[in-house]
Amino acid sequence: MDVRVRFAPSPTGHLHIGGARTALFNWLFARNLGGKFVLRIEDTDTTRSTEEYIEAIIDGMKWLNLDWDEGPFRQTDRFNVYRSYVDRLISEGKAYYCYCTPEELEERRKKAQEQGADQKYDGRCRDLKEPPAGRPAAVRFRMPEYGTTVVDDLIRGKVAFENSVLEDMIILRSDGTPTYNFVVVVDDIDMKITHVIRGDDHLNNTPKQIHIYKAFGWEVPQFAHLPMILGADKTRLSKRHGATSVMAYKEMGYLPEALVNYLVRLGWSYGDQEVFSRQELVQHFSFDAVGKSAAVFNPEKLLWLNGQYIIKADPEKLAELVIPFLVKDRTIKEGQDIDMKWLAQAVVTLQERAKTLIELAAGLKYYIAEEIEIDPKAAEKFLKPEHLAYLKDLKELLSETQNFVAAEIEKAFHAVAEKHSTKLGSIAQPARVAMTGNTASPGMFELMEIFGRPKVMKRLSKVLGEN
RNA sequence: GGUCCCAUCGUCUAGUGGCCUAGGACGUGGCCCUCUCAAGGCUAAAACACGGGUUCGACUCCCGUUGGGACCGCCA
């Protein structure tokens with residue numbers, strides 16, 4: 001049998017970290033087994049779903065490079081289908097009309113809670129002989145009252161539920177729209193889904209859904225319930241814990257490969273390996289190695305991973321990716337012409353120093369900008385009169401070098417150090433402040449080579465007050 | 001409150017009854033490298049929630065306690 005899985009987000013918000021991981025595990029499972037990955041938009045809540053969020057979710061999927069084989073399907077396009085399935089259940093006596101209003105139900109629930117009693121629907125419309133006139137009706141599914149339902153889960157094993165705790169849930173609202181627990185089953189059957197891979201928070205819904213499958217005589221798919229992702233306080237990850245939308249990480253200068261790598265290790269492992277290529281992920285992924293316990297989202301480890309991916313990334317590609325951040329930084333103007341070959345060279349010097357594209361852009365600033373600001377503290381420490389004397393000599397030597405390349409530049413530095421009987425560091429630090437305005441940067445020799453002689457001369461002149 | 005799930009360093013995890021003096025990674029401290037900052041290398045501190053069983057032997061199996069989480073909607 002061909003494996004078919006789906007990711008079914010509801011468009012009531014952006015694609016968030018938890019949803020992205022669910023999508024990723026579905027994708028990996030499908031790719032590992034050569035199956036199909038379906039994208040389905042669960043927009044039956046017409047009051048909260050928006051077109052913007054559908055776009056946002058698709059953007060997030062694309063950015064993470066999680067391609068789907070079918071869809072996106074939308075449930076709002078399928079209301080007639082659901083309607084006919086509801087009718088079938090009613091005609092077979094497996095569902096019935098309920099005339100209780102939401103307000104009445106709410107009140108009863110509240111009362112039951114206060115008394116510490118069972119909160120489930122009392123079934124008062126279950127066997128109604130005469131429907132009350134003039135009241136809107138919802139449709140409820142008739143749950144079995146006795147027996148046990150076992151969910152056989154790929155991650156958790158067998159989980160048993162007493163049917164007596166299940167209530168007759170509403171499958172069709174009084175406004176004629178169907179509800180989640182019903183449509184999810186109808187869709188999964190219509191779309192021939194073989195494995196339902198979703199968040200742990202759905203485990204309790206699963207027995208209810210199994211009864212719908214059975215009411216129709218359908219085969220129940222395999223389930224895999226993924227553990228939750230928690231915030232630092234161990235509660236479900238939410239806005240309170242900082243950035244949760246996937247696209248926010250794009251804006252913060254993260255690489256999608258790094259986020260994917262981080263997310264997959266939240267719950268899944270392969271021995272001691274931490275960094276995986278796409279191919280390795282697809283090759284090794286299996287639910288056997290998915291853990292059962294919830295995981296705390298750790299931004300620091302994600303940052304480290306991102307740094308690892310930046311180090312390994314192709315400099316030309318990084319140069320492309322960093323452009324929007326340079327624009328945002330106002331280091332360059334939108335659409336400004338820039339020598340990409342040269343930019344890539346500059347990027348190489350910064351790769352192992354930048355953990356995000358934002359940091360990369362910040363480092364690139366002094367390579368590109370005409371004027372730099374000099375940190376007063378740095379100047380105070382490294383631009384004292386004796387330092388300026390070194391820089392004066394350095395400038396002279398550098399103006400005479402044949403080829404303005406790192407090896408030649410290094411010779412000049414050593415010559416100055418020797419002349420003044422001092423260490424290389426006492427020349428390099430002042431030079432660094434003159435070049436970058438700061439005390440930390442890539443190595444001076446390669447930096448100067450990439451700057452080029454004119455820019456180096458200009459900046460030395462400036463600190464020497466020679467304008 | 002009811003139902004269900006979960007439980008190894010601060011965090012992510014390896015571990016499927018003897019290989020464990022519990023391994024790796026992030027983070028933290030130290031050292032090395034070094035023109036600064038990184039990167040890299042070495043190193044240190046840091047965990048089997050607790051209590052009972054089962055067993056010749058439990059991190060590993062069973063039960064309970066405790067702790068955490070999820071769900072209990074005419075939301076998904």
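Letters go in sequence order (proteins before strands), and every chain restarts at 1.
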Residue closer to the 5' end of RNA chain B, Lys234(A) versus Gly291(A) (nearest nucleotide): Gly291(A)
Within the 6.0 Å centroid threshold, strictly below: Phe287(A) and His195(A): no
Salt-bridge present (Glu257(A), Lys312(A); N to O < 4.0 Å): no
G68(B) to C26(B) separation - P atoms, rounded to the nearest Å: 31 Å
Asp43(A) and Arg48(A) ion-paired at < 4.0 Å: no
His241(A)/Phe297(A) aromatic ring centres below 6.0 Å: no
Ring centre gap for Tyr262(A) and Tyr254(A) strictly below 6.0 Å: no
Distance, P atom - from G10(B) to C50(B), rounded to whole angstrom: 13 Å
Residues touching RNA chain B, which here means a heavy atom under 4.0 Å, drawn from residues 421-431 of chain A: Leu424(A), Gly425(A), Ala428(A), Gln429(A)
Pairwise C1' distance for C33(B) and G69(B), with rounding to whole Å: 46 Å
Please output the side-chain donor-acceptor pairs of residues 380-389 of chain A that fall under 3.5 Å, not counting sequence neighbours, one pair per line with the distance.
| unit_1 | atom_1 | unit_2 | atom_2 | d |
| --- | --- | --- | --- | --- |
| His387(A) | ND1 | Phe382(A) | O | 3.0 |
| His387(A) | ND1 | Lys384(A) | N | 3.1 |

Phe182(A) ring center near Phe141(A) ring center (under 6.0 Å): no
Nearest-Å distance once atom P is located in both C9(B) and C71(B): 25 Å
Contact list for RNA chain B against residues 300-314 of chain A - heavy-atom distance below 4.0 Å: Glu300(A), Lys301(A), Trp304(A), Gln308(A), Ile311(A)
Rounded P spacing from A76(B) to G40(B) in Å: 47 Å
Integer angstrom distance from the P of U16(B) to that of U55(B): 23 Å
Under-4.0 Å salt bridge between Asp168(A) and Arg142(A): no
